[in-house]
Every structure is written in C-alpha cells, then in structure tokens.
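These notes are about the structure you will find just below.
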Amino acid sequence: MSHLDLLTFARGSALNWALMLCVAGVVLRLFEIFGLGRKADLAKPRAARPGSGWRTMVTRSLPPEGMLKHDPVTYIGGYVFHLGLLVTIFFFAPHIEFIRSMTGLSWPGLPAALVDALAVAAMAALGTLLAHRLNNLVKRMLSGIGDYLAWTVTLLPLLTGYLAYHHLLLEYTLMLALHLFSIELLLVLLPFTKLFHTFSLFISRWYNGDLFARKGVAS
Amino acid sequence: MTASLSKGINAFKEVIDAPIASFFSSCVHCGLCAEACLFYTETGEAKYTPIHKLEPLRRVWQQEYTLLGSLGKLLSLSKPVTDEELTEWEPLVYDSCTLCGCCSMVCPVGNDLTYMIRKMREGMAASGHAPEDLIAATTRAITIGSPMGIKWPAVQAQIKHVQADTGIEVPVEREGADYLVLMSSMEIINFPEYLSALSRIFKQAGVSWTLASDAFEATNSGIQIGSSDLAREIVSRIVVAAERLKVKCVISPECGHAFTALRWEGPNLMGRPFGFEVKHILEVLDELRAAGKLKTRGKDNRPLTYHDPCQIARRGGVVEQPRRLLSEIAADFREMPDAGVMNWCCGGGGGVSAITRAEPLRLQVFKIKKGQIEATGVQTLVTACANCRIVIEEALEHYHMKIEVVGLTELLAQYLVEENASPIPSPVSGRG
C-alpha cells in the first residue's frame, strides 16, 4: 500500500468509521447518563435563582476567586491547551477547507503562523500539565492509565499535524495519513475516556448550577 | 459478598442518578477540589482530595451503569468494592468531610461533590461502615428523640428558667400559631440564651409562635450518617407536629445541618411538598427587621466578625440576612477573607464534631479558620449555628485564643428595644 493509498483510506473509510463510532459512543454515553434519571426535587426552590444551570455552564470556565493562586499551572496550562487546541482545529485554513469539503460549511481562518504558534503552545501546555500531573501528589494519586492514554491521544493529532505542516520527520503524505489516523483514534476513544468531558461537563455544570440555584446560591 | 456489603452496594446503586453519572463522566482528575478542602489544605495529605473520597461509589457507577464497565465486570477485569475498602474509606467519607460544599463551588467541570458524598453515605451506613459515634447519636435520636439524649422535661426546665428570667410566657402546643420554633440539642444544653433571646424578640415583634412537646429537636443525625429512612423518621416528627398545630412556618434554629435536613431534604424524604414554609431563624429575623418589627437600640462597639455556617450560607442561601442584621447593631463589623458563600468551614460540620476519633484532625484543620479570624483582629465572633459555635469555642480554647463566640439571635436580643422597659442585659464589654 502506497502512502497515497494509506492517506486515501485515512480520509475515507477510516474517517467515516471513526466518526460513526464517535457519534454512537457519545449517544450511548449520553443515554447512560440521562437514562438514570433524576428524582423531582419536592423542596420549594427560593424565588430568586441567581445562578441557573445555564449560567454555571459558562461561569465555571473561570476560576473562582482565589483559586488561581492555589494551582496556577493547572489553570493557565488548561487555558493555553484548550485555546490552542480549539484554534488549531477550527481556525486552521486547511482544516476549514476539509470541513467544507465534507459538510459545505466554512468560515474565515486565522493566519497559519498564529495557528502554528498556538498549536506549539498547546503542545507545550500538554507537556507542562503532564509534568505537573507526575509531580503533584494529588494529581499523581488520582491518575490512572486512562489519564495517560487520554493525554497521549490528545497530543498525537497536534504533534503529527505540526510535523506534517512543517514537512518534518516523515514524508508528507505518510505524515498526513498518520495525522488523520491519530484524529480517528481520538474520535473513537473520546466517548469512552475522560475526554468525554468535552460533552459531559456542560451537563454536570448545568446540574451543579441548578442544585445551587434552587437554594438561592450562584455557583 | 456479605449481606451487609450487598446492602451497601445496592444502596450505592440506588443513589446513583443522572447528576452523579454526569459528574463522574466529567472528572478530568485535575485535583482542584483538593484546594477547596480544608482537610487537604491543612494536612497536605492527598487522600483527603474530595473526588478520591468517592472512589468506591465511582467504581460501582462504572461497573453497573456504563457499557465498558459492565463488560469489565463480566470479564472479571474490574476491581470489586470490598468490605475492607469501605472500612478504609470510612474516615474519608465521614471524619474528613464536613459536607461544607466548598469543593462543589470550585470544580471546573461542575461536579457537586458534596451531593455525591451525601449520597455515598447512604451506602456506607447500609453496609455497616458508619462511625460508631454517629450510629449512637442516630440511635438516640430515634429512640429518645434527640441525638444528645435530651427529652421534653429538659426543655420544660429551660422554659421555666426563661419565663422566670424574662417574665415572658413561652407558648407550648399552641394551635394556629404562625411559627413552630425548633431548637438543637446544643442550644438546649449549652446555649439556653437562644430561647430566651427568641422569646424577647418575638414578644417585641408581636409574633405568634409555639413550641411542640413532641417536636422540639431540629437536628437530624439521619442526614449526617446517611440513612434516609431514619432521616425521614426524624423529619416526620416535625412535619406531624407542624400539621397538627396548623402553623404557617417552621423555624429552623441556629443550626446548619438541621436547616438542610428540614428545608431542602425534608420534602424529598417525606415524598411530598410541605404545606408550611421552612425558614432559618435568620431569615425570619431579617423579615422582622425589614417590616420594622425588630427594633434595636445602640450599637456594639466591639470589633465583630461573622462566621458563615456552610449549610446556612453556601448550601442554604442565607448570606445577606446576617449581614443586614449585624449592620443594625455592629459599629465595627469586619468580614473574614472568603466570607459568604466561599467561607471556610469550622471543621466540625456534617457530623464530624460528633465523631470522637476525628477530634485531633478537626482541631488541625481549624487552623484555616484561626488564620481568618486573626486576620480580622476581632475579639468577638458571631455565628448562627450552635454546632459551629461549640466547635469553634473548643478549637479557640485548644489554640489559646481569647475570642468570645456569640449567637446572632442572642446578640440581637441584647440590643432589643423592649416595650416593658425591662433592663436589657449588658454584653461583656464595650456596648455603645
């Protein structure tokens, strides 16, 4: 199989299967959550509900007062990583073109040099967060194989994309195929690892906001 | 698997709902919840990380309610929850969690860890892994009517003293009264000034109220130990009395978890909404203040600070009321750092103060509150929870700190304008 055949497979059947498995997995996981249901709260909520679930979905993205200084590496590393990843996925012109070719949707991209820098920043943040995880007593205790697996499959698309863009290490077509395979691996594992927080954090934040808001507390 | 473990696992399965499933699904193991737990911040021991305290419950969720987890269980690839593990977890779930809710406020993915710990205690209690002291307190609450073993005659004795001191009748079993007043054991035994203060304030405000001889105790060990059946039994006494006396509102006393038990958990335990309101005493006092019925005279010149009881502020939504009340009588009110919904716990909530073996740990973690109090430079701390009060008083003594702790209701009564012009008891010092 030539590199081009591999790339064709990666862009075709492999991607389709990965997307299907990802969607099916996400639907299954959402069903696993919502299928459990929730008993109606019979306690009368306070009239004023300053922090609705919807509000907490957004506000929980910011550190509560004073928390940043407790663990700046996690907060700052987390912001840099997530921002870098999002920009790289959705604002890199070739990615937008790829999405357009599949869905017909497109939007303006950002300069390649900026995306490149943010991708590097995201990878550096991932490296820093891993080092922090290994050095911090609490994080190390909480971490298992799933955490390191999630870290690896998140890094791979960024790394292979960077190497492909800069024509480094391997022949471009092969590296691009590996880039796609790494994305497919990420898609397949996303619903079944902690990466599922991509979806579930909005649900948990909503519940948190709602539970507190019923008592009149904005969380 | 032993019968008790099986009961515990079943209880775990029963309490797991959509919020809990979403919380476990969302956890990214960032460990930030540890930074909000005084048991971690004051000891540096990783085992006190809130999400770690939930590990057995998480595994039950994973093995029972996720496809991959179920497959793992089927193929014997997953680690089952054992009695030994629950024994090891008992001090984490009870001794080192006050259900203060601070971790739930900081989790970046929005996990309400306190909600989960409260639910997890159901399985711990069902499997026989609750602390003996809490079991004993709950047994007393069920058999005698109060976790501290107090019976109605003790309350009657207190009523007699209050009536003699104030010359005000304490109404008992008065049908059709607006308010049913509850007390905590701690108030009956250690802080009788609460009932006295309340009598005087209500007399001045013209409030119609009553005590009930079979429902005077507000505390609920069933909530703390994590037994909904027992918690329901305890709550039902209050509900039955409130309905019998046809009151419009039940007043939860200066006690944190009693408010949670009655206001937020009560209707859910009973399986029906209440036909009466439930208010914390601070809410009632603030309403009286707003209506101009709580008249005070003079200001306390002592520098004062206020400790927010977690279940009343963060988990109860009563945050501004004590500050408005204090502004009426405090000339030099000073907030502690992180005051309000992000307050630090006293270290004794959620049943921790009732667990004897947890005392050294409780005193150790009080260091955070100690630092906060010292930062204000006050000599007087006001609070609105008898449990916080006793925990703080004990810790202050342990650390040789000369700080007076007073209940807010009692402090307000000291500045009350009374129609009969009876002499107002003087505070310790510095009254303006």
Side-chain angles (χ1 to χ4, degrees), chain A residues 28-29 32-44 46 48 53 56-57 60-61 63-67 70-71 74-75 78 133 136-144 146-147 150 192 194-197 199-212 214-219, chain B residues 16-36 40-41 44-47 49 51-52 65-68 101 104-112 115 260 263-268 270-274 277-278 313-319 337-338 341-342:
Chain A
L28 170 73
R29 293 300 317 280
E32 283 174 355
I33 292 173
F34 292 119
L36 281 165
R38 178 192 185 196
K39 280 185 189 159
D41 186 358
L42 302 173
K44 195 176 149 202
R46 286 193 189 281
T56 303
M57 259 192 210
R60 210 39 90 92
S61 299
E65 206 183 322
M67 279 299 287
H70 283 296
D71 193 349
T74 299
Y75 277 111
R133 184 168 289 283
N136 181 288
L137 271 181
V138 169
K139 285 178 173 47
R140 200 167 61 221
M141 177 195 68
L142 294 175
S143 303
D147 294 273
F192 306 106
K194 71 173 188 178
L195 299 175
F196 187 60
H197 77 272
F199 292 90
S200 65
L201 79 82
F202 295 104
I203 307 167
S204 48
R205 283 181 182 178
W206 189 91
Y207 280 131
N208 184 303
D210 183 63
L211 288 163
F212 272 98
R214 296 184 74 81
K215 298 173 179 176
V217 174
S219 68
Chain B
I16 293 170
D17 56 6
I20 290 183
S22 77
F23 297 154
F24 281 137
S25 298
S26 298
C27 181
V28 290
H29 295 164
C30 70
L32 286 171
C33 52
E35 302 295 340
Y40 169 73
T41 61
E45 290 190 54
K47 67 179 179 180
T49 304
I51 192 69
H52 178 65
Y65 297 119
T66 68
L67 179 69
L68 281 192
S104 302
M105 295 292 281
V106 307
C107 172
V109 296
N111 289 350
D112 190 345
Y115 176 89
T260 289
R263 174 69 175 87
W264 307 115
E265 292 217 22
N268 295 307
M270 297 298 291
R272 62 183 170 90
F274 293 159
E277 284 191 286
V278 176
R314 182 164 41 245
R315 306 293 286 183
V318 182
V319 180
D338 308 314
V341 293
M342 289 306 290

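Residue numbers start from 1 in every chain, and the chains themselves are labelled A, B, ... in the order their sequence lines are given, proteins ahead of strands.
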Heavy-atom pairs under 4.5 Å with chain B, option from [options] with the top count:
options	value
A/D41, A/L195, A/N136	A/D41
A/G37, A/G66, A/A40	A/G37
A/H70, A/R29, A/R38, A/M141	A/M141

Using a 3.5 Å distance criterion without hydrogens, assess whether the side chain of [X] forms a donor-acceptor pair with backbone atoms of [Y].
X	Y	result
A/R205	B/P108	yes
A/N208	B/S104	yes
B/N268	A/L42	yes

Relative to chain B, which segment of [X] carries a heavy atom at a distance below 4.5 Å: side chain, backbone, both, or neither?
X	result
A/I203	both
A/R140	neither
A/F202	neither
A/A150	neither
A/D147	side chain

Kindly compute the distance separating [atom1] ([X]) from [atom2] ([Y]), expressed to the nearest 0.5 Å.
X	Y	atom1	atom2	answer
A/K194	B/F24	NZ	CZ	15.5 Å
A/L137	B/Y40	CG	OH	6.5 Å
B/D112	A/F212	CG	CZ	5.0 Å
B/S22	A/F199	OG	CZ	15.0 Å

Shorter than 4.5 Å, heavy atoms on both sides: which option in [options] has the most such pairs with chain A?
options	value
B/G31, B/P337, B/C27, B/P267	B/P267
B/D17, B/L67, B/V109	B/V109
B/N111, B/V278, B/V106	B/V106
B/G271, B/G266, B/A36, B/C107	B/C107
B/R263, B/K47, B/M342, B/E45	B/R263
B/P273, B/G316, B/A34	B/G316

Closest heavy-atom pair and its distance - [X], [Y]:
X	Y	answer
A/K215	B/R315	CD-O, 3.0 Å
A/L201	B/S26	N-OG, 3.4 Å
B/V28	A/H197	CG1-ND1, 3.2 Å
B/H52	A/L142	CB-CD2, 4.1 Å

Exercise for review: Run the numbers on B/T49 and A/K139 for side-chain contact (heavy atoms from CB on, under 4.5 Å), then give the verdict.
Suggested key: CA-CA 10 Å; B/T49 304; A/K139 285 178 173 47; over 6 Å; no

Relative to chain A, which segment of [X] carries a heavy atom at a distance below 4.5 Å: side chain, backbone, both, or neither?
X	value
B/I16	both
B/V341	side chain
B/Y115	side chain

Check your understanding: Between A/V217 and B/M105, does a side-chain contact (heavy atoms from CB on, under 4.5 Å) hold up when you go through it step by step?
Key -> CA-CA 10 Å; A/V217 174; B/M105 295 292 281; 4.2 Å; yes

Practice item. May I have the step-by-step check of side-chain hydrogen bond (donor to acceptor under 3.5 Å, both in side chains) for B/S25 and A/S200, ending in yes or no? Key: CA-CA 6 Å; B/S25 298; A/S200 65; 5.1 Å; no

Check your understanding: Near B/F274 CZ, under 6.0 Å, is it more than 12 heavy atoms from other residues, nucleotides or ligands?
Key -> yes

